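Take a look at the structure set out below.
Model, not experiment: these values are computed from the prediction.
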Amino acid sequence: MSKKPSKSLAQELDRYITPFRLDGAGKFHLKDHKTNAKGDLDKEAAQDILDANKKRLIGFQEKLYAQDRWSVLIVFQAMDAAGKDSAIKAIFEGINPQGCEVTAFKAPSSKELDHDFLWRHIVALPERGRIGIFNRSHYEECLVTRVHPEILAKEKLPPRLVTKNIWKERFEDIAAFERYLCRNGTVVLKFFLNVSKQEQRERFLDRLEDPAKQWKFSMDDIKERALWPRYQAVYQDILRHTATPHAPWYVVPADHKWFARVVIGSVIVAELEKLDLRFPRADKASLAEFKNVREALEQEGKGAKKRAK
């Protein structure tokens, strides 16, 4: 009797991936996506999946680094306190730091403002064989600069280029940029951590109460919270116009951090599995040379044992 073919990771984890994938097909309304979804899991079952995905990710990352062909860019966008930092820490724990780098984009420097809006993100892209994580990203240039027009004014664009079409043009530029990356061997994975305003409030209160978390809190967080409806509308526009089949968005329910980590980790390992990563194989000439080296080392060991007697 023939055995049934084993499921791929993508098939095994599909229920934690496909419901949250946005690739530009069909209509999209952010309010239709629940922030408190947790699938059919409880916290204990979620931890089992997270642990399994960690092991898979460590194995894939070693092969990715050794093969030195593909690179992976992981983008995180979210409102404050949505759990980006803790998700990165939990999912990538144990990864070889030589093959993974996190870049957190803050307000641009004067040097960065003297370049186009994508420049500082381009220079931070991961090399082949590596995973690059953008904690906030080039999408801030369609988000914060749109909510706060005074920031856009500091970018020193020629006035005649700042038209009512600027956001549409930036969406087009970003889509072209990500398509270019994909065509050159960079896998682009984009996660929007979709947290509710109520949950953000609870997390802010937790930060204020816990001395170990107070450093994370800023009065600017409260100012930005007051602009919640505007941010939600702009995020909806960003997701709607920049989700593509080659660089989809994943709208991750983020009210339960443990479930958000299941979704994010599942997407990453399922996509890495598709790359068919393998350790490079030595050619015949190298194998023959290895044989000679092995024999020489073994003889050296025998000589050392004789001298020790």
Side-chain angles (χ1 to χ4, degrees), residues 6-13 16-17 21 48-77 84-105 118-138 177-191 246-250 252 260-291 293-294 297:
S6 57
K7 286 185 177 181
S8 67
L9 275 178
Q11 291 171 320
E12 179 185 336
L13 300 170
Y16 310 124
I17 299 173
R21 188 176 190 271
D48 291 340
I49 296 173
L50 180 62
D51 291 341
N53 281 340
K54 275 187 194 178
K55 292 178 181 178
R56 292 160 172 162
L57 182 54
I58 289 170
F60 283 136
Q61 187 265 334
E62 289 179 351
K63 293 175 182 176
L64 178 79
Y65 186 84
Q67 193 180 67
D68 198 25
R69 289 292 181 271
W70 295 93
S71 59
V72 180
L73 174 62
I74 300 172
V75 171
F76 285 100
Q77 286 289 152
K84 299 187 308 299
D85 294 348
S86 60
I88 292 168
K89 181 179 179 181
I91 292 165
F92 291 91
E93 183 182 15
I95 290 292
N96 187 337
Q98 292 186 95
C100 184
E101 184 173 3
V102 180
T103 305
F105 291 99
L118 284 174
W119 180 80
R120 65 173 179 157
H121 307 285
I122 291 171
V123 298
L125 287 171
E127 302 172 25
R128 296 195 190 281
R130 289 166 171 78
I131 297 172
I133 302 168
F134 283 4
N135 187 342
R136 300 194 185 279
S137 68
H138 43 289
F177 168 59
E178 292 175 349
R179 184 173 62 247
Y180 167 81
L181 292 179
C182 294
R183 287 174 173 173
N184 285 272
T186 297
V187 177
V188 180
L189 302 176
K190 304 181 300 191
F191 298 98
H246 56 269
W249 277 102
Y250 292 89
V252 182
R261 294 166 189 172
V262 166
V263 174
I264 296 165
S266 296
V267 170
I268 294 170
V269 297
E271 288 300 316
L272 287 174
E273 183 196 38
K274 294 176 185 177
L275 302 182
D276 193 27
L277 300 169
R278 300 176 185 274
F279 290 113
R281 293 183 180 179
D283 55 30
K284 289 184 178 180
S286 296
L287 289 172
E289 188 175 349
F290 292 166
K291 182 180 179 182
V293 172
R294 185 185 299 109
L297 289 172

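Taking NE2 of H246 as the reference point, atom CD of E178 lies at 6.5 Å (rounded to 0.5 Å). Residue S86 holds its OG atom at 9.5 Å from NZ of K84, rounded to the nearest 0.5 Å. Separation of atoms CG (L64) and CZ (R69) is listed at 11.5 Å; rounding is to 0.5 Å.
Here the closest non-hydrogen pair linking A10 and A270 is CA-CB, 3.9 Å. When all heavy atoms of P126 and G132 are compared, the closest pair comes out as CB-N, 3.5 Å. P280 approaches A66 most closely through the heavy-atom pair CG-O, 3.4 Å. Here the closest heavy-atom approach between residue I49 and residue S266 is recorded as CG2-OG, 4.3 Å.
Taking 4.5 Å as the limit, every side-chain heavy atom of W70 sits out of range of all side-chain heavy atoms of T186. Taking the side chain as every heavy atom from C-beta outward, C182 and V187 never approach each other to under 4.5 Å. Taking the side chain as every heavy atom from C-beta outward, N135 and F105 never approach each other to under 4.5 Å. H138 places none of its side-chain heavy atoms less than 4.5 Å from the side chain of R120. Within the 4.5 Å cutoff, the side chain of Y65 has no heavy atoms near those of the I131 side chain. Between Y16 and V267 there is no side-chain heavy-atom pair separated by less than 4.5 Å.
The side-chain contact (heavy atoms from CB on, under 4.5 Å) search around K63 returns L277, F279, not counting sequence neighbours. Residues passing the side chain to side chain donor-acceptor pair (under 3.5 Å) test with N184, sequence neighbours excluded: none. The side-chain contact (heavy atoms from CB on, under 4.5 Å) check on I122 picks up L118, L125, F177, with sequence neighbours excluded. Remark: R56 pairs with E12, N53 by the side chain to side chain donor-acceptor pair (under 3.5 Å) rule, at least two apart or across chains. Remark: R21 engages D23, Y250 in a side chain to side chain donor-acceptor pair (under 3.5 Å) (not counting sequence neighbours). Residues forming a salt bridge (Lys or Arg N to Asp or Glu O under 4.0 Å) with R136 (at least two apart in sequence, or on another chain): D80, E140. A search for side chain to side chain donor-acceptor pair (under 3.5 Å) contacts involving R183 returns nothing, not counting sequence neighbours. A search for side-chain contact (heavy atoms from CB on, under 4.5 Å) contacts involving S137 returns V75, Q77, F134, Y139, not counting sequence neighbours.
Within the structure, salt bridge (Lys or Arg N to Asp or Glu O under 4.0 Å) contacts touching residues 260-275 (residues at least two apart or in different chains) are E271-K274. Identified under the salt bridge (Lys or Arg N to Asp or Glu O under 4.0 Å) test for residues 121-133, with sequence neighbours left out: E127-R130.
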Determine all donor-acceptor pairs shorter than 3.5 Å in which one atom belongs to a side chain in residues 88-103; sequence neighbours excluded.
unit_1: E93; atom_1: OE1; unit_2: K54; atom_2: NZ; d: 2.7
unit_1: N96; atom_1: OD1; unit_2: Q98; atom_2: N; d: 2.9

Can V269 and L13 be said to form a side chain to side chain contact (heavy atoms under 4.5 Å, CB included), step by step? CA-CA 9 Å; V269 297; L13 300 170; 3.7 Å; yes

### Task
Determine, step by step, whether I264 and F76 satisfy the side chain to side chain contact (heavy atoms under 4.5 Å, CB included) criterion, reporting the C-alpha distance in whole Å, the side-chain angles of both residues, the deciding distance to 0.1 Å, and the verdict.
CA-CA 10 Å; I264 296 165; F76 285 100; 3.7 Å; yes

